[in-house]
Amino acid sequence: MHKMTVFRRLAYSWTAAVVCLSAIPAMAAPDRPELLSANARELWRKGSDQVLAGDFTKAITTLEQVHKIEPGDENVKSALNWMHSARSLAKSREDYRRQMYEYHVNKALEALKKAREPAVMPEVSEKDSGKKDASAGDEESSDEDEDSEDEDSEDEEANARWLPLFYAQSAMTNAADEDAFRAEPWLSEIVGLAKEEIGQLKADGEWRDALSLYLVLQEIYPNVKKYEDGADYCRQRAHLDFIYGKKSTWRADLADVMPDAVLEILKRVEADYVDEPDFRELCRSGLEHLVILARTESLVETFPALGEKDLVARFTRRIEGFIKKVDRRRKFATRQVWSIFNDVLDVNRDTLRLPENVIVDEFVAGLLHPLDDFTSVIWPAEVSEFNKQTRGKFVGVGIQITQQPGSPVRVESPLPDSPAYHAGIKPGDLITEVDGKDTREMTITEAVRSITGEPGTTVVLTIKDPTANTSREVPLKRSQIEIRTVNGHMRDKTLPTGWDYFIDPKQKIAYVRVSGFMDKTVEDLEAALVQLKDQDCQGLILDLRFNPGGLLTSARDMCELFLEEGAPIVRTKGRNHQQNMTSTSRSGRRHGDLPLIVMVNEYSASASEIVAGALAGLQEACVVGTRTFGKGSVQILIPIVGNQAYLKLTTAYYYEWDEDLPGEDKWYLLHKKPGAETWGVEPHIKVDVIPREISKILRLRRERDVLKGRDQEDIPEEILSRKPSSEPAEKLPEDPNPDVDPQLAVALDVMRMKLTSNRPWALAPRLERAVRVADGPSAITATKER
């Protein structure tokens, strides 16, 4: 098995899950349950608040006291049943976490033992040697066989050196205490082995593989600078090989990239970047990127001048002289950077004569690198694709596709009401040709470009049904396709939105998942809420997990569905005071009468954090899950190059309102700055999950989202699991709860108790939320009750 395949298999294998919980009575009236004893009523209120605060363990003790006083009350019995089921689930999850941890520790130790063993060269007998001599007349065939054997042997040796670190990474993600894990004595030996391998990979020019190891080291030891620096360097080298390699499209990608763009970029950074830019650092970084480019010998086929050692030496010597000049200057600003960049262009003309658009692109990449991860340039060739992603529209045939290297493109799902769906294309179908061109020879990007195009034009796809082993040519007329980002519990064509949202039909609890924030997201969400109102919905779970964000306007509009007029939504602050503004709800709530739980996790970013933070800070919703990503910065699109390209520049930070914060200033920074200990939106009820549980969550999402073909009965398993059918599954400890989404299970229990008790939310203040509660993998910790 190739070493990168090993890395992918040992990384998170993401799938998803359904929650099956027992039915409960309909929502109680405000005074229910009608307990006779004053003591029982007081204990019921206390137990209810403990559930709503996520403290299920204490709630069991309290509710059992209520049950002893008045054993006949059905609401108390139901609440106890939910809590006992939650405790059972918590215990089985903790056992599973421990099994997964022990499994990966044992695998790491086994792999370490194997890696310690010296490589043994196979002995060559005289008989074998004679065979080799006798086959000398067939040199081409013999050499190919030897090369193949050598490559297989190298891969096996690399796997032996890589595996210990990858198993150690997996062990840490399942550890109850990460600090205790890092103190394990065998871990340092594994890290030392990985460092040796990184050194060898760098020497061999295997930058992508070296980067993979650095990234694992960064995950095990976050905020260790030597690993961050090593990853940055390897990332740049791998980037160069990818961008300018044999299959690259750099000429098209960098079309219309001109030197004048650099001055425009510098001026806007100087005027509008969120923090005071250090132009000395920016210029140095841009120059260092060019030195690395010049010394990248693997690009000689693309840029023959890089093979001329004398030219490379002259170029790098001059650029390094500029770096020294930058370090010596006392004052350094836009004008100085622009002057040095023009000198760089002159040096390039005198030496390497690389295309100027390449020099511009690499200098700009280095220039912007020290700023932040979100500031970038969208060159003219990229504008169209960027607009597709942010606006949720594209011109195509309406299919989601995937591809394994060297294999045909595979259909993941047709999109509703699209040309592909109406043509009967279904999940699992293979697209073997696009307009007669074999997709096995395409990258996934090339396949997308071939399938999409101008509206009204036709593309012919050759579709193979792998089950029936039949092929057919399907001509499809390209049309405007809109990506829908609002999904429900299960598809139902008979309902107005095409979704059934009720995850608990008896209690009338709805589940709505928003996967992104695009132009029509709020319109679609409001349609869902109107449908739910007609169906007498009693409680709403809004799932923003894995939501990367999108349009700020969409986030603001979504908040206005639930907030009172004038309620604070988000504040922005930047270095340029024009970026400072506060957004409040412009209209009264239209759907704020439903009890609301918002689910988030570490992949909820940007717009999803704004929605979760606004609703949580005003105590309009209970937030369940894990701390959000912390992408709390504002990027604006600044037209450059005669309005043909954009500078995506970070100009401000987002701040969220929280009534629980001490003092007069109730706004807190959402963004995760380097070295920060707090960021993002903290859940009121924290429910940690291990990687295999993340697998379950995503598997179920695919099961919910994949749209069957018009006449398709079953969806192929490889579509739901997102695994190649030929790849054997690694034998892991069996999950005792294969169909349970743990975070959603907690949200359901909390919402059921909310509806049954009719108690106000018992939300823990922001500064006291960072505790592991509900049915997480570790011991339950109480939160402060309101």
Does [X] use its side chain to pair, donor to acceptor, with the backbone of [Y] at less than 3.5 Å?
X: Gln635; Y: Lys648; result: no
X: Gln403; Y: Ala447; result: no
X: Glu197; Y: Leu213; result: no
X: Ser418; Y: Gly398; result: yes
X: Asn547; Y: Val514; result: yes
X: Gln236; Y: Tyr233; result: no

[Y] and [X], any side-chain heavy atoms less than 4.5 Å apart:
X: Glu362; Y: His239; answer: yes
X: Val434; Y: Thr439; answer: yes
X: Leu254; Y: Trp379; answer: yes
X: Val740; Y: Asp735; answer: no
X: Thr497; Y: Val486; answer: no
X: Thr173; Y: Glu219; answer: yes
X: Pro691; Y: Ser170; answer: no
X: Thr462; Y: Ile431; answer: no

Rounded at 0.5 Å granularity, tell me how far [atom1] in [X] sits from [atom2] in [Y].
X: Arg235; Y: Ser212; atom1: CZ; atom2: OG; result: 10.5 Å
X: Asp465; Y: Arg472; atom1: CG; atom2: CZ; result: 8.5 Å
X: Cys234; Y: Ile198; atom1: SG; atom2: CD1; result: 7.0 Å
X: Lys437; Y: Ser450; atom1: NZ; atom2: OG; result: 6.0 Å
X: His422; Y: Leu476; atom1: NE2; atom2: CG; result: 11.0 Å
X: Arg701; Y: Arg513; atom1: CZ; atom2: CZ; result: 4.5 Å

### Task
Would you please name every residue forming a side-chain hydrogen bond (donor to acceptor under 3.5 Å, both in side chains) with Arg440, sequence neighbours left out?
Asp438
### Task
For Thr457, enumerate each residue passing the side-chain hydrogen bond (donor to acceptor under 3.5 Å, both in side chains) test, keeping only those at least two apart in sequence or located in another chain.
Arg478
### Query
Sequence neighbours excluded, which residues qualify as side-chain contact (heavy atoms from CB on, under 4.5 Å) partners of Thr296?
Arg237, Leu240, Asp241, Ile292, Ser298, Leu299
### Query
Taking it one step at a time, do Leu354 and Leu293 satisfy side-chain contact (heavy atoms from CB on, under 4.5 Å)?
CA-CA 10 Å; Leu354 296 175; Leu293 170 65; 4.0 Å; yes
### Task
Evaluate side-chain contact (heavy atoms from CB on, under 4.5 Å) for Lys309 paired with Val312, printing each intermediate quantity in order.
CA-CA 5 Å; Lys309 293 186 177 179; Val312 170; 5.6 Å; no
### Task
Apply the test salt bridge (Lys or Arg N to Asp or Glu O under 4.0 Å) to residues Arg484 and Asp524: give CA-CA distance (whole Å), side-chain angles for both, the deciding distance (0.1 Å), then the verdict.
CA-CA 8 Å; Arg484 297 298 185 182; Asp524 289 346; 2.9 Å; yes
### Task
Report the relative orientation of the aromatic rings in Tyr603 and Phe546; use parallel for angles under 30°, tilted for 30 to 60°, perpendicular for over 60°.
parallel
Indicate the atoms forming the closest heavy-atom contact of [X] with [Y], along with that distance.
X: Pro164; Y: Ala108; result: O-CB, 4.0 Å
X: Ala420; Y: Ile399; result: CB-CG2, 3.2 Å
X: Tyr227; Y: Tyr214; result: O-CD2, 3.8 Å
X: Gly456; Y: Lys477; result: O-CG, 3.7 Å
X: Ala168; Y: Ile190; result: CB-CD1, 4.3 Å
X: Val641; Y: Ala261; result: CG2-CB, 3.7 Å

### Task
Report the C-alpha distance between Phe517 and Thr485 in whole Å, list the side-chain angles of each, state the deciding distance to 0.1 Å, and finish with yes or no for side-chain contact (heavy atoms from CB on, under 4.5 Å).
CA-CA 7 Å; Phe517 288 83; Thr485 56; over 6 Å; no
### Query
Considering residues, nucleotides and ligands other than Lys464, do more than 12 of their heavy atoms fall under 6.0 Å from its NZ?
no
### Message
What I want to find out is whether Asp373 reaches Lys631 closely enough, with some N-O distance under 4.0 Å, to be called a salt bridge.
### Response
no
### Task
Apply the test side-chain contact (heavy atoms from CB on, under 4.5 Å) to residues Tyr167 and Asn106: give CA-CA distance (whole Å), side-chain angles for both, the deciding distance (0.1 Å), then the verdict.
CA-CA 9 Å; Tyr167 279 121; Asn106 290 333; over 6 Å; no
